[in-house]
Every structure is written in structure tokens, then in C-alpha cells.
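What you see is a predicted model; the values in this text were computed from it and never measured.
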Amino acid sequence: MSMSIVKTQACKSYYTRLSYILSGTPHNTDKVSHRVLAISGQNVNLLHDKNGHISTMQSGAYLERQFHQSLMKARNPKRTYQCQSIIISFSPDEFDTLDINKQASQANELAQLYIKRFFSDSQAISVVQCDGNGGKMHVHILVNSVNQQGKTIQTNRFSIFHLRKQFDKFMSQSFENVTGRPWPGPSNQNQRLDSNNLTTKSEWQKHVKQVIEKVKSEVTTISDFLTKLSQYGITVTNRSKETAWTYHQQVKTATGIKEYKVRDYYERRNKKTGEIKSVRGLGKDFTKASITEYFESKNKKEVVIYGKRKSKSTNESKPSEQSIQEIRERARIANLQLKRQQEQQRLNIARLNAIASFQTADDGSLKQHRKQAQQLRNEKRRRQIANAAKRNDSAIPTTTRNLQSKDRYYRKPHEPEEPSI
């Protein structure tokens, strides 16, 4: 019997997460025609329809501004993670979606009670959807990382093990009160029974490898892979800046419930030489990069044509005649545009060359004009000097000029002095 699944994730952006939850087209339209079936909030204002009921069409930007106002009160408003996302996926035993509107309302009420009981001091919204590939009813809960006073919500409250244990207890107390039906059981009851006979950590690691290999063969995407692992009680957390994984599971031992965890793969190296001293973890085949590459190659098929191998996506199909005609028409229009651009470029180059030649001619005439102007200035200066000299000569009396001229050319010879007696 499969039960509800609880997942949690830290989010870096309010708006990105709110836009994903509230807007867009449904992933699967088998049961619904729109994404949001019901919505509720705590310590936030929601939009209402003309009848006064909370509308399923909400604005992500409007809610983001309310979340951001609380964030700006924090000591460090520029934090990496702005909110926490909790996803609760109900099993068909809990909500079979036969009466989808009624059950969406019940799931929304459960989410409201859950938020009020465990996150009453924070801003939060819950959105009920049923557009997943599996067609299961699920709830997205988004909790602000700071409360309305700007104080940080403790991150250990979002520990996956704490949340699951908390949610199981909550469902056992509230499910019947809301739906009128007894709750089928804890979310991970069957999965934990599979690990009861594991006595050592090495045996547990072998068990995890077997489960991973089995799950890989049953799913086609990373998200389905992680969801399926959680059904076996194995959770995965990111490390090393989200480039590597750590596997966790709670195992029943002789001394009680114990949490085991192991890295996917880790090499301990000498910092100076780069030599590998030891390796730890499950192995290279169980790393995040290896499993991601496995699913990428699984979603493609290889087609061999005339001895050559060609990779082709499973979603590709042979192009139709109409699409070929459209491609040809686009190519013809592109060629015409290219020719026009080339012709325009040739005209621009010719214009630039003409302008350059005119500028060269203008430079030569400018130099000649400057030379002539300088000659005229020099001639004018010489005339000014000559006129000034004439004016000076005319200012001296005639007698003085004549005496000066005689003294200059007819000086008396030197007369010897008379000897003294």
C-alpha cells in the first residue's frame, strides 16, 4: 500500500518558485484543465473573485512583494535562500481524485491546518494541484525563510526526517476529522520494513545499491528517480555546491532506529601531488553526474543509417512536406535579405571612400590658403615697420638732422695740445 510522500527543498528566489506554482499550463490535462485547484495563505493577502472567494488566479509578483517586505527586516536580506518549499504528494489510497473538487478542498484544508500548527509564526501559502504525470493530488507549500519580524526560521525545522515524522503524526490526528475516512497509515511504513533485517552499515550500503539499480530501470527522469527512492525510505541531499549526493535512510537496528548515510563517491587526494589516498562512498556509478548521464542516454535512441551512427531523440519525427516547403521559403527570404545587406554595405563603402577623397582635397587647399594668409600677414608687418620708421624721421627737426649728418661725415681732424711752459 503506497502512502503520501513528503519532499523539501530550499529555494533561492521567491518569484521564480511562485511563478512555477501559480502560472503556466498544466503538465497533464487528463484530469484537470488548469494548474491550481485550491489555494490558501497565512499572514499574506490573497486576491479574491467578485463573489468574495479566494481566487485560484493569483499574482506571483504580488505575493513576492509581501514576502520581500519581511525579508528586508532581516539582518542579512541578501541571503542565498529566500524560502523553503515543501511538497506533499498524496497516494490514491488517501485521495483517489474521483471527486476532484471536493478532495482538492479537503487537501487544502489539511495543508492549512498543517501550516497553522507547525509554521504559525511565518508567511506561507499552499497550492493544491493534480497535473502531474502520475495524476496524483499534491500540495505545494512555500514558507518564507524569515518571519514578519525579520527573524530567521530555523532550518532544522525543514529536516526531511523531522518533517516526515511530523506529517505522519499530523495525518493520523487530522485526516479523519477532515475527510471523514480513517487514514490508511504512515507514509513510509512499508519501506522501513524492507530494511529491518540490516544489521551493519556495509549491508545497508549493498541494499541501497540494489534499490538504486532497481529504481533506475523503472523510471526515466531524475525527479521520478528521487521520488521512487523516497518510497523505499531513501532520501538524497545535495552537497559540494549541488554537484554531489548523499544518501540517507532510517534503519531499525537492535538498539533502535538509526540513521545511516553515505556519499555517492569521494576521493581523498594528496594536495601536493594529487595522488589518490583512499576512496569512499557507493561508487562512481552512483554519483549525481553518472545517474544524470544515464537518464539522458536512456531518453535517446541510436539509429544506424548506412553504416553511420546517428543520435536521434525519441520525440523527433520525419518532417512533413509542408514543413520542408516552409524551410525552403525561409531560406529564400534569408538569401534575399543577405543580398540586400551586402548591396547596402557596398554603397556605404563607396560613400565613405568619396567622403575621404573630398576631405583629402580640402586638406590641400586649406594648406595653400593658410600659406597665402601668412605671406599677406608678413607683408603687412613689413609695411607697418617702414611707416613707423618714416614717422620717427619726420618727428626730428631739419637743422638737427643736418648737423648730425655733417658730424657723421665731416669730423675735424684732431688738434694736438699745446705744450705747457
Side-chain angles (χ1 to χ4, degrees), residues 2-11 13-42 44 46-49 53-64 83-115 124-143 160 163 167 171 175 178-179 181 184 187 215 218-231 295 299 313-315:
S2 59
M3 300 302 163
S4 56
I5 299 170
V6 180
K7 294 169 61 177
T8 182
Q9 180 183 4
C11 303
S13 170
Y14 294 133
Y15 185 75
T16 302
R17 192 63 182 173
L18 287 168
S19 299
Y20 170 75
I21 295 173
L22 299 174
S23 60
T25 58
H27 302 312
N28 185 359
T29 57
D30 293 341
K31 296 182 179 180
V32 294
S33 59
H34 51 282
R35 293 210 68 187
V36 180
L37 300 178
I39 185 171
S40 61
Q42 177 179 267
V44 293
L46 298 174
L47 301 177
H48 291 68
D49 57 20
H53 303 297
I54 295 177
S55 173
T56 56
M57 303 295 292
Q58 296 290 330
S59 169
Y62 177 58
L63 291 171
E64 187 267 343
C83 55
Q84 289 283 343
S85 172
I86 302 173
I87 303 176
I88 302 171
S89 179
F90 297 103
S91 70
D93 296 319
E94 293 169 327
F95 294 111
D96 55 14
T97 67
L98 295 178
D99 188 352
I100 196 165
N101 292 327
K102 178 181 177 181
Q103 293 181 2
S105 177
Q106 292 175 349
N108 187 39
E109 186 177 351
L110 284 171
Q112 283 181 298
L113 293 174
Y114 179 74
I115 294 172
I125 65 165
S126 61
V127 179
V128 181
Q129 297 178 353
C130 192
D131 63 339
N133 294 328
K136 295 181 180 180
M137 187 171 293
H138 57 278
V139 180
H140 290 272
I141 298 176
L142 201 64
V143 183
I160 187 61
L163 286 176
F167 187 73
M171 290 289 281
F175 184 83
V178 173
T179 63
R181 297 179 288 111
S187 61
V215 171
E218 296 175 353
V219 298
T220 57
T221 63
I222 285 289
S223 59
D224 292 340
F225 171 76
L226 297 176
T227 302
K228 193 73 174 178
L229 278 183
S230 64
Q231 294 178 5
F295 285 121
N299 292 331
S313 175
T314 56
N315 296 327

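Taking each heavy atom of M57 and L47 in turn, the nearest pair found is O-CD1, 4.0 Å. Counting all heavy atoms, side chain and backbone alike, S126 lies closest to V139 at CB-CG1, 4.0 Å. Closest non-hydrogen pair, F90 versus M171, comes out as CE2-CE, 3.9 Å. Shortest non-hydrogen contact noted between Q129 and I21 is NE2-O, 2.8 Å. When all heavy atoms are compared, the tightest approach of V219 to F295 is O-CE2, 3.4 Å. Of all heavy-atom pairs between S40 and Q112, the closest is OG-CG, 3.0 Å.
Taking NZ of K136 as the reference point, atom CD of E94 lies at 9.5 Å (rounded to 0.5 Å). Here the CG-OG1 distance, from L37 to T97, works out to 10.0 Å after rounding to the nearest 0.5 Å.
Looking at residues two or more places apart in sequence or on another chain, you find no side chain to side chain donor-acceptor pair (under 3.5 Å) involving T179. Qualifying side chain to side chain donor-acceptor pair (under 3.5 Å) partners for S223, counting only residues two or more places apart in sequence or in other chains: T221. Qualifying ring pair (Phe, Tyr, Trp, His ring centres under 6.0 Å) partners for Y62, counting only residues two or more places apart in sequence or in other chains: none.
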Problem set entry | side chain to side chain contact (heavy atoms under 4.5 Å, CB included) between F167 and I86, worked out | CA-CA 11 Å; F167 187 73; I86 302 173; over 6 Å; no
Exercise. Could you walk me through whether C130 and I100 pass the side chain to side chain contact (heavy atoms under 4.5 Å, CB included) check?
Worked result: CA-CA 9 Å; C130 192; I100 196 165; 3.9 Å; yes
Problem set entry | Audit row: H138, I5, side chain to side chain contact (heavy atoms under 4.5 Å, CB included) steps and yes/no | CA-CA 9 Å; H138 57 278; I5 299 170; over 6 Å; no
Exercise. Passes side chain to side chain contact (heavy atoms under 4.5 Å, CB included), R181 versus F95? Steps please.
Worked result: CA-CA 11 Å; R181 297 179 288 111; F95 294 111; 4.0 Å; yes
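At least one side-chain heavy atom of Y20 sits less than 4.5 Å from a side-chain heavy atom of R35.
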